[in-house]
Amino acid sequence: MPELFIDGTWRDAGDGGSREIRCPADGSVVAAVSEGTAEDALAAVRAARRAFDHGPWRDTSALERAQILHRVADLLEAEKSEVARRESLDTGKRLVESEIDVDDIVGVFRHYAGLANADSGRVVDPGMPNVSSRIVHEPVGVCALITPWNYPLLQTSWKVAPALAAGNTFVLKPSELTPSTSIWLMNALTEAGVPAGVANLVLGSGARVGAPLTEAPEVDLVSFTGGLETGRKIMAAASATVKKVALELGGKNPNIVFADADLDVALDYALTAVFLDSGQVCSGGARLIVEESIHDDFVDELVRRAEKIRVGGPFDSGAETGPLISAEHREKVESYVAAGLAEGATLRVGGRRPDDPELDKGFFYLPTILDDCTADMSVVQEESFGPVLTVETFGGSSPDEFEDRAVEIANHTIYGLAGAVWTENAGRAERVARRLRHGTIWINDYHPYVPQAEWGGYKQSGIGRELGLAGLNEYRETKHIWHNTKPAAQYWFGEPAGEGA
Ligand code: NAD
């Protein structure tokens with residue numbers, strides 16, 4: 001099947017090779033796709049450029065764009081099981097998780113349908129007669145949208161929906177490991193009424209088809225979600241032509257538990273925070289920072305419960321969490337655990353692959369807890385992106401010192417994506433939440449997000465925001481139009497020549 005979607009038609013890729021997409025739960029081949037070349041990526045860019053410069057899309061009304069986005073949401077609802085099935089086969093995540101993801105994606109398309117006409121500009125007082133002055137928003141132009149494998153269609157929707165709502169055209173490059181739902185999306189966009197050339201898709205590796213998108217002069221904006229190292233490369237590549245860049249990068253997210261928290265609930269959520277989707281969640285709570293007076297009981301109980309977590313494939317209804325995305329990724333997680341142990345952490349549970357022979361062909365790794373960690377360890381500082389919880393403690397000689405110490409440890413990271421604080425003391429909750437240098441803070445909760453609220457990172461977790469109104473503004477330029485309705489010569493530089501001169 002052709003896998004390049006350019007100018008409204010499916011085309012065969014150039015000689016970018018082919019790739020078997022394997023389900024991470026058992027290694028079975030679930031799809032085979034042919035990948036594009038750099039030339040294919042540039043052909044997609046040219047199509048998006050033409051559609052932006054000459055097509056009708058940028059001038060369609062906000063109402064029409066909103067209707068199209070609602071139609072995409074309708075299609076997602078109608079085909080929810082098929083989309084969720086594809087997502088689970090590519091990622092290995094539990095079907096129930098993929099179904100929740102599809103519900104979230106519907107919400108994202110409807111959110112941006114509602115926002116398509118939001119803040120459509122304003123009139124500014126020019127401070128003089130016969131002049132009108134106003135601010136208008138316009139689409140940025142051609143967008144390169146590059147997405148990761150952990151929430152393939154959800155991350156894609158966070159970019160595609162606002163890009164379309166604002167009137168842009170785009171080239172989408174999904175992760176090479178999880179292309180199936182992007183293929184579905186292109187057909188859905190066409191069915192919903194997106195004109196040819198507005199939405200384009202190229203498949204392939206980052207180096208082969210991603211990099212050319214970030215370098216092409218015809219691209220105005222790159223929106224990327226993925227790892228820090230890739231983000232750095234993309235920022236550098238985009239600098240040559242000073243593209244707008246939005247980066248949603250990694251996180252190493254603190255989950256702080258004070259002794260005055262509701263400890264049963266805090267403990268339950270500490271497990272979900274890190275072991276959901278085997279820890280392959282950018283905002284996962286991989287750093288537990290617990291008050292020293294409750295450390296022993298709290299961690300003993302965490303270990304007892306983590307030991308019982310059932311891992312399994314996407315269609316195993318008894319499974320509580322799934323596999324890692326690939327053999328290479330599992331090796332990376334294993335190397336972080338080994339490094340943590342070498343640096344002095346204590347392995348309390350997990351730290352190995354499961355024994356069950358039925359899981360042998362998948363890339364499973366057991367929920368792991370490393371105790372006695374300190375903030376400088378690589379397993380604490382770097383993103384293992386696996387089911388690995390590190391435990392640090394804090395103490396002090398006064399309530400203020402407790403808070404200071406917890407905040408200091410939690411902020412000791414180059415990342416700043418998300419985090420949580422657990423305490424029944426409302427004042428403490430507010431104080432700590434405001435002092436944490438992370439883009440989302442949950443108080444007595446972990447993980448929920450709503451499309452109405454902005455999402456994004458402090459520090460090296462990224463640039464720009466997704467979702468909310470700021471997510472739409474990433475895809476809009478803002479123009480000031482000054483209209484002098486009665487221009488009159490001022491003769492600053494000499495008098496005009498008189499008649500007959
Ligand atoms: P990755 O950086 O390896 O790849 C992401 C995408 O970039 C893929 O499509 C890849 O092919 C492409 N790519 C790679 N090199 C490129 C290059 N030189 N030029 C252009 N494109 C290139 O990330 P991943 O392993 O797919 O995803 C996991 C990472 O994503 C984690 O770090 C996670 O924290 C992060 N993430 C962040 C958020 C967030 O909201 N901040 C959300 C989800 C995932």
Side-chain angles (χ1 to χ4, degrees), residues 16 19 24 35-36 38 41 45 90-91 93 101 104 108 144-159 171-179 182 201-216 219 222-238 240 243 245-253 276-286 324-326 328-330 332-333 336 382-386 413-418 438-440 447 449 451 453-468 471 474:
R19 182 184 300 266
E35 297 190 332
V45 168
D90 278 12
T91 60
K93 72 167 72 171
D101 290 354
D104 283 354
V108 171
L145 310 179
I146 302 176
T147 53
W149 47 259
N150 63 334
Y151 286 89
L153 194 57
L154 183 62
Q155 295 302 325
T156 297
S157 72
W158 289 18
K159 301 183 188 308
V171 180
L172 169 65
K173 196 219 79 74
S175 166
E176 55 274 37
L177 301 178
T178 53
S182 297
L201 172 72
V202 285
L203 300 185
S205 71
R208 193 188 289 258
V209 296
L213 297 177
T214 64
E215 291 157 7
V219 169
V222 181
S223 177
F224 167 77
T225 300
L228 176 57
E229 280 312 317
T230 317
R232 287 184 177 135
K233 281 187 204 158
I234 286 177
M235 204 171 160
K243 299 185 194 320
V245 179
L247 301 176
E248 295 290 339
L249 307 177
K252 195 70 201 195
N253 313 293
L276 181 76
D277 286 337
S278 268
Q280 300 170 117
V281 182
C282 54
S283 50
L324 295 171
I325 188 72
S326 65
E328 297 73 38
H329 184 51
R330 179 168 62 179
K332 183 179 131 187
V333 172
Y336 272 114
E382 293 166 32
E383 207 186 21
S384 75
F385 219 51
T413 164
I414 58 168
Y415 290 111
L417 188 58
H438 299 264
T440 294
H447 278 318
Y449 81 93
E454 273 73 14
W455 178 266
Y458 284 25
K459 299 196 269 182
Q460 295 188 36
S461 283
I463 300 175
R465 289 291 175 270
E466 296 201 297
L467 304 178
E474 293 287 335

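We count residues from 1, following the sequence as given. None of these values were measured; they are calculated from a predicted model. We count ligands from 1, going down the list as the structure has it; atoms in each ligand are counted the same way.
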Q) Honestly, is K93 close enough over Y151, meaning NZ or CZ under 6.0 Å from the six-membered ring centre and within 45° of the axis? A) yes
Q) Hey, does T230 come in under 3.5 Å of ligand 1, counting only N/O atoms on both sides? A) yes
(Q) Checking the N or O distance criterion of under 3.5 Å, is ligand 1 in contact with L417? (A) no
Q | Closest non-hydrogen atom pair, G231 against L249 | A | CA-CD2, 3.9 Å
Q | N or O pair under 3.5 Å between T225 and ligand 1 | A | no
**Q.** Per-residue contact class, L213 against ligand 1 - non-hydrogen pairs under 4.0 Å
**A.** neither
**Q.** Per-atom contacts, ligand 1 versus W149 - under 4.0 Å to a heavy atom
**A.** 24 (P), 25 (O), 26 (O), 27 (O)
(Q) Quick check: closest heavy atoms across V222 and K243, and the distance to 0.1 Å? (A) CG2-CD, 3.7 Å
Q.
Please compare Q280, K233, E383, E466 and report which has the shortest non-hydrogen distance to atom 18 (N) of ligand 1.
A. K233
Q: Side-chain contact test, heavy atoms from C-beta onward, threshold under 4.5 Å: evaluate it for T440 versus S283 and give yes or no.
A: no
Q) Should the proximity of P174 to ligand 1, defined as any heavy atom under 4.0 Å, be assigned to the side chain, the backbone, both, or neither? A) backbone
(Q) Against P152, only a single residue in L177, D101, T178 fulfils side chain to side chain contact (heavy atoms under 4.5 Å, CB included); can you say which? (A) T178
Q | Where P174 and L203 come nearest, the two heavy atoms and their spacing | A | CG-CD2, 3.6 Å
Q. Going by the order shown, which atoms of ligand 1 are within less than 4.0 Å of some heavy atom of E248?
A. 37 (C), 39 (C), 40 (O), 41 (N)
**Q.** Contact summary for A418 and H438, nearest pair of heavy atoms
**A.** O-ND1, 3.5 Å
(Q) Would S175 count as a contact residue for ligand 1, given that I'm defining contact as a non-hydrogen atom of the residue lying under 4.0 Å from a ligand atom? (A) yes
Q) G457 near ligand 1, heavy-atom distance under 4.0 Å? A) no
Q. What's the shortest heavy-atom distance between T214 and A237, and which atoms?
A. OG1-CB, 3.4 Å
Q: Could you tell me whether some N/O pair between W158 and ligand 1 is separated by less than 3.5 angstrom?
A: no
Q) For E176 and ligand 1, does the shortest N/O to N/O distance drop below 3.5 Å? A) yes
(Q) What I want to know is whether P148 and ligand 1 share at least one N or O pair that is separated by under 3.5 angstrom. (A) no
Q. Given F385, F224, Y415, Y151, which one has a non-hydrogen atom that is nearest to atom 4 (O) of ligand 1?
A. F224
Q) With atoms numbered from 1 as shown, which atoms in ligand 1 lie under 4.0 angstrom from a non-hydrogen atom of N150? A) 43 (C), 44 (C)
Q | Point-to-point distance, once rounded to the nearest 0.5 Å, from CG of L213 to NZ of K173 | A | 8.5 Å
Q: Return the residue, atom name and 0.1 Å-rounded distance of the protein heavy atom closest to atom 8 (C) of ligand 1.
A: T147 O, 3.4 Å
Q: Report yes if some N/O of K173 lies less than 3.5 Å from some N/O of ligand 1; otherwise report no.
A: yes
Q | For the student: nearest non-hydrogen atoms of C282 and W455, plus distance | A | SG-CZ2, 4.3 Å
Q) Nearest to atom 39 (C) of ligand 1 by heavy atom, S283, G462, C282, A207: which? A) C282
Q: Have a look at K159 and tell me which of E474, E248, E466 forms a side chain to side chain donor-acceptor pair (under 3.5 Å) with it.
A: E466
Q. Looking at ligand 1, does any of its N/O atoms fall within less than 3.5 Å of an N/O of W455?
A. yes
